[in-house]
Amino acid sequence: MPMEKTFNAAEAEARISKEWIARKVGRAGANAKPGPNGEPAKPFSIMIPPPNVTGVLHMGHAFNNTLQDILIRWHRMRGFDTLWQPGTDHAGIATQMVVERELARTQQPSRRELGREAFLEKVWEWKEQSGGTIINQLQRLGATCDWDREAFTMSGNFPEAVIKVFVEMYEKGLIYRGKRLVNWDPHFETAISDLEVENLEVAGHMWHFKYVLADKQTYEYVEKDEDGNVTLRETRNYISIATTRPETMLGDGAVAVHPSDERYKSIVGKMVHLPLCDRLIPIIADEYPDPTFGSGAVKITGAHDFNDYQVARRNTLPMYRLMDTRARMRADGAPYAEAVARAREIAAGSPTDEIEVDALNLVPEKYRGLDRFEARKQVIADINALGLSVSILTREIDEETGSEHLTRVPVVEAKKIMQPFGDRSKVVIEPMLTDQWFVDTAKIVGPALDAVRKGDTQILPERDAKVYFHWLENIEPWCISRQLWWGHQIPVWYGLDIWPTGFHDAEGDDALDEVELFALLADGAYNHAEPVYHCATDLAAVGEKFMDDLAALPAPLNHARVVEVADRAAAVETLAKALADYALTQDPTHLVYPVWRDADVLDTWFSSGLWPIGTLGWPENTPELQKYFPTSVLVTGFDIIFFWVARMMMMQLAVVGQKPFGTVYVHALVRDEKGKKMSKSLGNVLDPIDLIDEYGADAVRFTLTAMAAMGRDLRLSKDRIAGYRNFGTKLWNACRFAEMNNVWEGHETQAAPPAATATANRWIIGETAKALAEVDAALTEYRFDQAADALYKFVWGKVCDWYVEFAKPLFDGDQAEETRQTMAWVLDQCMILLHPIMPFVTEELWATTGLRKGLLVHTDWPTYGPDLIDAEADREMTWVTGLIDEIRSARAQMHVPVSLKLDMLATAMDATAAAAWERNETLIKRLARIESLTAAAQAPKGAITIAAEGASFAIPLEGIIDIGAEKARLAKSLEKLEKEAAALRGRLANPKFIESAKEEVVDEARTNLEAREDEATKLRAALTRLAEIG
RNA sequence: GGGCGGUUAGCUCAGCGGUAGAGCACUACGUUGACAUCGUAGUGGCCACUGGUUCGAUCCCAGUACCGCCCA
């Protein structure tokens, strides 16, 4: 059955993809070829950047995975032992969100109603049913991962690996627990990482409040202009502060001014009344406030602002937490009056600790329980009512009476402010002081920096290494705990601190008596203290650690059984019961020591950070781990250099002491055709699957590849994709042409090109070798765009534009068989070389044409070298194509109809030119539409002139020729030639050029000048002739 | 405010010390033994600006302007 006119992507891609998957073409080691001495094939491995299990393929994924597939296919065809490891990550927040939404949609019980265990079952159910979307989409893109190895950060060996790493890092002191300010998402009620925060500029306001000095004190407030002239002098009893978040003022610990700020020097150290609160806070001097911004005085709320937090830490200010996990004003704890009384004691120097400070709820009763934004309104209203807003006098005219009033209006500046939003929840992130687990990144960052500095790991493009260094050199502790359910639960168990200093073994007999028991049981003896904790891989292991602790206690408590309970409350209850039971029965076997596991899970990036070793089976030392680790290349987007790449580097180096990858290729962002970031809200998102439906995966892949210039964003337009779809069609039709000319009959793929005699055949074989060299060089350097460009130019510009045309006359001559063989070989090479970028259409052509032993995906990549380039054929074909171009151009400009075949005269022809003509006569005649060539002493009147190297031709066009047009054409060419010649002459006339320029440059200039002068002479002669006839 | 990029044909981008390139778009012609998802020919550029280095600068250096991105 003859081939169709176009490649049916929709039909063929589905079929081919299915076959690739069924035949496991991407399995690790497929098509691996041992070395010449039987040594094992060189490994080449890539870890897919795991998409979220909830993810759907977007343009960034399509881009990222196209590049990976190109590298993998290229290496696989070259006989490397390849592994492309696929998988997904469990995406804590995203998945929990998706499943919760699904529960709500189907009117099932909510997460909280279900409880942790039942909810997690729902998550797994969802994962089984819907978690494979993106994997299927990757397959549509043509990705040849080893699908049997699909990994998931919550399955297989991952849980064990993650827990093991946590425990080991904890034991090495690399992980610690602490109360820190973190990004808190009030919607999901969890800490989130910087990565998950989007800082957006939004319209906000700046309010200005007066904090009145204590004890009715006043000071001279003086403002000066740049020249030091006094512009304002007044006596003030307040300091003016500016804030965009008035509600946080309830937790202020101080007002800070810059130490150099002359305006406030006299009042640093004095106290001010905190409005709406019965507290005094100090004015402190700190480097943080910008004296030129606002009033120069800043309120410091350590528990709700990252900058303030640093100031509070530097100045040991108390940090009062104002909000609960949903960012409502706190309603817990003691009444305000009590809390504030204690706060005043603390301010006066009473000893305290951060637990007590955190427990103190300093939100006045009237604001308790309010949402933070509601509280803001109230606070503003109340401060205005107290007259403590900075205000200005404005004139108002009463409409009825026409009388003027002067009223004071609070100053509220409308202002653009940067506000943090949760990237999933879209709610405003609240900096919140909470207990979290941290990786002490400062301790593990060294090797990650060194690996890149020393070049063990290369980051491309180089400038992205700067980003990497910058971030790692300024690294912050990494908050790894999340207040979620879906994830790896932290392997830490807590127990009640029953080792209070107050415990008193009254008899000194090291045994527990009733009085002592009572003391332990008494409320407050232990359950208000911070629990003790241990970290271990499981309950049994952690139990042993608690047993070691218990050994310090009097008998029989030192032999209490460690049991696991749900939480702290359950522990208190269980212990109380056990002690009571013991008091009654004196049976020590009933004594238990309850422990409960940390409810938090680990940041998804913590497990993703172990992706390279985790997917290879670590902690088991699997053969895959030995073979494919460290991995060869990581292909990833620039946006996760810090969050993922840097963390993988740190963690792999910390855990197994090896770099995770040799090269990191960082690609840019895919934007829309106007250069805008694709976003759902802008509605400019191009869905790769839609594009694949419309144009085929090959076209989408080729487009992305052709645009993958290193370090530059891509502007994707459908026109471009359509263009490359046409490119696929072009190749398709070249093969179809071959088929119609029986090129494929009996053809089997040969590594070596056929022996060819025709110049055109020898030439195209050489061009193929050049193309291979270019593609190899480009891919070696990760210049995907150059590889695509080289192939486009070769396949379309050389093979289709010229070679197929040359073949037409050759098929009618003596060299037909050789030409058929050459064409088959060349088209084979097109398919092979294009395969990594356009796998589907090439695989289909492979199957459709010739006699093939196997799939193209497992066909060997060619290795021929520049020896295939025939310099003579190259020169000759340049002459031939140049001549054809000249004739066509002249014809077109003379408006000679294509259908008209012309007779041509050779007015001059040297031996080389004559030989070239002789060998390629049929080609030239056909393509230039020339009927005959005869020698002539000179061109007749009314002929157009064609100048070629070593030859001059004339085409008599008496009656047809437009003399004016021909004159113009020649004049234009001449002008251009003369301009070029003049430039060359000028350069060669400069002795300094001859002196300092490289020899070959000088030679080249001379040769060029000669050629131009020669051609110009011919054109001038032609012009002279034209002048003669009119 | 700090850092990093960019500015080349109408558009999207390559190039990078030695004669300015591609694709798309545009114009004209064209069913010539595959391809109209095509062919042939063509139009179109003070390579942002100002200096400097150099025999020679779109390319290297410095500054200016504008536009992005990242981090505060």
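Every heavy atom of this structure was used, including side-chain atoms; hydrogens, water molecules and symmetry mates were not. So you know, we letter chains A, B, ... as the sequences are listed, proteins then strands, and number each from 1.
Rounding to whole angstrom units, CG of residue A/Asn990 and C1' of B/G17 are separated by 16 Å. As a whole-Å value, the separation of A/Ile994 CD1 from B/U54 P is 19 Å. For the pair A/Asp719 CG and B/A22 C1', the interatomic distance rounds to 16 Å; values are reported in whole Å. Residue A/Glu462 contributes atom CD, which lies 11 Å from atom P of B/G5 at whole-angstrom precision. Protein atom CG of A/Leu923 is 20 Å distant from nucleotide atom P of B/U32, rounded to whole Å. Computed from coordinates, the A/Phe737 CZ to B/A34 P distance equals 7 Å when rounded to whole Å. Rounded to whole Å, the distance from CD1 on A/Ile930 to P on B/U32 is 19 Å. Taking atom CG of A/Leu845 as the reference point, atom C1' of B/A34 lies 12 Å away to the nearest angstrom.
Backbone-only engagement by A/Arg736 is indicated by non-hydrogen atom pairs under 4.0 Å involving sugar-phosphate atoms exclusively. A/Asn1008 comes within 4.0 angstrom of a nucleotide base, judged by non-hydrogen atoms across all strands. The residue A/Ser996 sits close to a base: some heavy atom pair falls under 4.0 Å. As judged by a 4.0 angstrom heavy-atom cut-off over every strand, A/Asp1003 is placed among residues making no nucleic acid contact. Residue A/Cys735 is out of contact with every strand shown, counting any heavy-atom pair closer than 4.0 Å. If you check every strand for non-hydrogen atoms under 4.0 Å, A/Asn474 touches nothing. Residue contacts shown for A/Ala734 include a base, since a base heavy atom lies under 4.0 Å away. Within 4.0 Å of A/Lys466, counting heavy atoms only, lie sugar-phosphate atoms of the nucleic acid but no base atom. Nucleic acid contact class of A/Tyr792 (heavy atoms, under 4.0 Å, all strands): sugar-phosphate only. Residue contacts for A/Glu886: at a heavy-atom cut-off of 4.0 Å it reaches no nucleic acid atom on any strand shown.
Closest contact between the side chain of A/Met740 and the listed nucleotides B/A34, B/U37, B/U32 involves B/A34. Counting only heavy atoms from C-beta on, A/Asn726 has its side chain closest to B/C38 among B/C38, B/U32, B/A22. For A/Gln786, the listed nucleotide lying nearest its side chain is B/G15; candidates were B/A41, B/G39, B/G15. The A/Arg987 side chain lies nearest to B/U19 when the options are B/A34, B/G39, B/U19. The side chain of A/Arg929 lies closest to B/U32, out of B/C38, B/U32, B/A41. Looking at the side chain of A/Arg720, the nearest of the listed nucleotides B/G42, B/A34, B/G23 is B/G23. You'll find that the side chain of A/Phe993 is closest to B/C55, out of B/U37, B/C55, B/U12.
With P as the reference atom, B/A9 and B/A62 are 25 Å apart, rounded to whole Å. When the C1' atom is compared between B/G3 and B/U54, the two are found 32 Å apart, to the nearest whole Å. Taking the P atom of each, B/C4 and B/C49 are spaced 24 Å apart, rounded to whole Å.
Neither OP1 nor OP2 of B/A34 sits under 4.0 Å from any side-chain N or O of A/Lys808. Contact annotation: A/Trp796 reaches the phosphate of B/G39 (side-chain N/O to OP1 or OP2, under 4.0 Å). Phosphate proximity of B/C38 to A/Thr729: absent, as no side-chain N or O sits under 4.0 Å from OP1 or OP2.
For A/Arg891 against B/U40, no side-chain N or O and base N or O form a donor-acceptor pair under 3.5 Å. Contact of A/Arg888 with B/U40 (side chain to base): no donor-acceptor pair of N or O atoms is detected under 3.5 Å. Judged by distance alone, with hydrogens and angles left aside, A/Lys5 brings no side-chain donor or acceptor close enough to the base of B/A36 to form a pair under 3.5 Å.
With a 6.0 Å radius and a threshold of 12 heavy atoms from other residues, nucleotides or ligands, A/Glu949 has its CD atom at or below the threshold. Atom CD of A/Glu975 has 12 or fewer heavy atoms from other residues, nucleotides or ligands within 6.0 Å. Surrounding CD of A/Glu1010 are at most 12 heavy atoms belonging to other residues, nucleotides or ligands under 6.0 Å away. Under a cut-off of 6.0 angstrom, the local environment of CD in A/Glu11 is crowded, with over 12 non-hydrogen atoms contributed by other residues, nucleotides or ligands.
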For this session: Starting from the C-alpha separation in whole Å, work towards a yes-or-no answer on side-chain hydrogen bond (donor to acceptor under 3.5 Å, both in side chains) for A/Glu818 and A/Asn761.
Result: CA-CA 8 Å; A/Glu818 158 195 321; A/Asn761 288 336; 2.8 Å; yes
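Checking A/Thr768 against A/Lys770 by side-chain atom types alone, no donor-acceptor pair falls below 3.5 Å.
For the pairing with A/Phe702, the ring pair (Phe, Tyr, Trp, His ring centres under 6.0 Å) check across A/Tyr724, A/Trp796, A/Phe784 returns one residue only, A/Tyr724.
Nucleotide B/A28 is matched to B/U40 when pairs are restricted to Watson-Crick or G-U wobble geometry with both distances under 3.5 angstrom. Nucleotide B/U64 forms a Watson-Crick or G-U wobble pair with B/A48, both donor-acceptor distances falling under 3.5 Å. When both distances must be under 3.5 Å, the Watson-Crick or G-U wobble mate of B/U12 is B/A22. B/C35 is unpaired under the criterion used here, namely a Watson-Crick or G-U wobble arrangement in which both key atom distances are under 3.5 Å.
Contact record, A/Cys830 with A/Val799: SG-CG2, 4.0 Å, taken as the closest heavy-atom pair.
Comparing A/Gly723 and A/Ala890 along RNA chain B, the residue whose closest nucleotide (by nearest heavy atom) sits nearer the 5' end is A/Gly723.
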